[in-house]
Amino acid sequence: DVCSSDLVIGAMEIVIDQTQIKKAVSQAEKIIGFQHHESSNLTQALNQLALGDMNFTLNTDAADSDTQMVKDSFDTIYSAINNIKDSQIKITENAKQIAIGDLDVDLKVRSDKDELMKSLIEMVKATKDITYKTKIIARGDMTVEIKPRSEKDEMIIALVDMIKAI
């Protein structure tokens with residue numbers, strides 16, 4: 001159309017197929033839902049672990065093609081946390097045995113940074129040494145050398161005082 005002022009007036013219609021956009025939104029919503037659910041499970045398990053409650057096992061829910069990558073990531077995280085939990089259970093079992101006087105426990109350092117197991121091993125070693133020396137004293141040999149491990153070693157200090165008093 002041409003107006004009297006020689007301007008062209010027209011209209012144009014653009015049609016966009018929204019199928020791909022709607023599919024992408026649907027996938028994103030599924031992924032967000034999956035992540036939210038698994039994050040909630042993870043948070044709950046970590047809170048239990050922090051409180052010493054080992055009554056959980058982390059497993060991801062089934063995934064589809066849209067959520068498989070997220071599932072794989074959570075599977076890796078869950079595997080690591082389940083390993084931590086299993087280690088804590090084993091350490092707790094060993095500590096319970098030590099607490100009742102059973103020093104024949106199988107303690108292994110898991111890495112060079114494993115201060116907990118190194119400390120437990122030292123504790124068992126020191127307790128075995130104290131037990132050995134106490135048995136010698138019980139047989140009447142008061143010449144055994146006993147030294148406190150620190151100024152806070154009340155048991156050895158008391159034992160040394162007892163020997164001096166005899």
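No experiment lies behind these values; they were computed from the predicted model shown. Values below: every heavy atom of this structure, side chains too, minus hydrogens, waters and symmetry copies.
- Under the 3.5 Å distance criterion, the side-chain polar atoms of Gln97 are left unmatched by any main-chain donor or acceptor of Asp106.
- Ionic pairing of Glu93 and Lys96 is not present here: no N-O contact between side-chain nitrogen and carboxylate oxygen is shorter than 4.0 angstrom.
- Rounded to the nearest 0.5 angstrom, Leu42 CG and Gln35 CD are separated by 12.0 Å.
- Taking hydrophobic clusters as Ile, Leu, Val, Met, Phe, Trp and Tyr residues chained together by side-chain heavy-atom distances below 4.5 Å, Ile31 does not share a cluster with Ile21.
- The side-chain heavy atoms of Val124 and Leu107, taken from C-beta on, include a pair separated by under 4.5 Å.
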If you apply the rule salt bridge (Lys or Arg N to Asp or Glu O under 4.0 Å), what do you find for Glu154 with Lys152, and how did you get there?
CA-CA 6 Å; Glu154 292 183 38; Lys152 296 188 181 267; over 6 Å; no
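- Using a 4.5 Å cut-off on side-chain heavy atoms (C-beta onward), Asp72 and Gln68 make contact.
- Of all non-hydrogen atoms in Ile91 and Met117, the two that sit nearest each other are CG1-SD, 3.6 Å.
- Ion pair Lys113/Glu115 not flagged as a salt bridge, since none of the NZ, NE, NH1 or NH2 atoms sits closer than 4.0 Å to an Asp/Glu carboxylate oxygen.
- Other residues, nucleotides and ligands contribute over 12 non-hydrogen atoms within 6.0 Å of the CD1 atom of Ile100.
- For the pair Lys133 (side chain) and Ile146 (backbone), a donor-acceptor distance under 3.5 Å is absent.
- Remark: Lys125 NZ is loosely packed, at most 12 non-hydrogen atoms of other residues, nucleotides or ligands lying under 6.0 Å away.
- Of the possible donor and acceptor atoms, none in the side chain of Lys85 sits under 3.5 Å from a partner among the backbone N and O of Ala45.
- The line from CG of Leu120 to CG of Asn94 is 7.5 Å long, rounded to the nearest 0.5 Å.
- Side-chain atoms of Asp141 do not come within 3.5 Å of backbone N or O of Ile137 as any donor-acceptor pair.
- Residue Thr143 holds its OG1 atom at 8.0 Å from CD1 of Ile136, rounded to the nearest 0.5 Å.
- At most 12 heavy atoms of other shown residues, nucleotides or ligands fall within 6.0 angstrom of atom CE in Met69.
- When the side chains of ILVMFWY residues are joined at heavy-atom separations under 4.5 Å, either directly or via intervening members, Met54 and Leu116 end up in two distinct hydrophobic clusters.
- The cluster map of Ile, Leu, Val, Met, Phe, Trp and Tyr, joined by side-chain heavy atoms under 4.5 Å apart, puts Ile157 and Ile163 in different clusters.
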Between Lys128 and Asp104, does the side chain to side chain contact (heavy atoms under 4.5 Å, CB included) criterion hold? Intermediate values first, please.
CA-CA 10 Å; Lys128 284 181 177 180; Asp104 292 323; 4.2 Å; yes
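- Remark: Lys147 NZ to Ile156 CD1 distance equals 12.5 Å, nearest 0.5 Å.
- Using a 4.5 Å heavy-atom threshold, the side chains of Met155 and Thr134 count as separate.
- Side-chain atoms of Asn82 come within 3.5 Å of backbone N or O of Tyr78 as a donor-acceptor pair.
- Closest of all the heavy-atom pairs between Lys118 and Ser111 is CE-O, 4.3 Å.
- Using modelled atom types, no side-chain atom of Ser26 and backbone atom of Lys22 make a donor-acceptor pair closer than 3.5 Å.
- No single ILVMFWY cluster, assembled from side-chain heavy atoms under 4.5 Å apart, contains both Ile89 and Leu51.
- Distance alone, capped at 3.5 Å, is enough to place a donor-acceptor pair between the Asp114 side chain and the Arg110 backbone.
- Between Ile98 and Met123, the shortest heavy-atom distance links the atoms CG2-CE, 3.9 Å.
- Relative to the ring axis of Phe34, Lys71 does not place its NZ or CZ within 45° and under 6.0 Å from the centre.
- Of the listed residues (Ile81, Asn83, Asp75), just one forms a side-chain contact (heavy atoms from CB on, under 4.5 Å) with Ser79, and that residue is Asn83.
- Hydrophobic clustering (side-chain heavy atoms under 4.5 Å, transitive across Ile, Leu, Val, Met, Phe, Trp, Tyr) groups Ile77 together with Phe56.
- Note: Glu151 CD to Asp153 CG = 9.5 Å, rounded to the nearest 0.5 Å.
- Atom CD in Glu38 sits 5.0 Å away from atom CG in Asp61 (nearest 0.5 Å).
- In the displayed structure, Gln18 atom CD is contacted under 6.0 Å by more than 12 heavy atoms of other residues, nucleotides or ligands.
- Formation of a donor-acceptor pair under 3.5 Å by the Asp53 side chain with backbone atoms of Leu49 is not found in this model.
- Residues satisfying the salt bridge (Lys or Arg N to Asp or Glu O under 4.0 Å) criterion with Asp66, sequence neighbours excluded, are Lys30.
- For Thr67 (side chain) and Asp64 (main-chain N/O), a donor-acceptor pair under 3.5 Å exists by modelled atom type.
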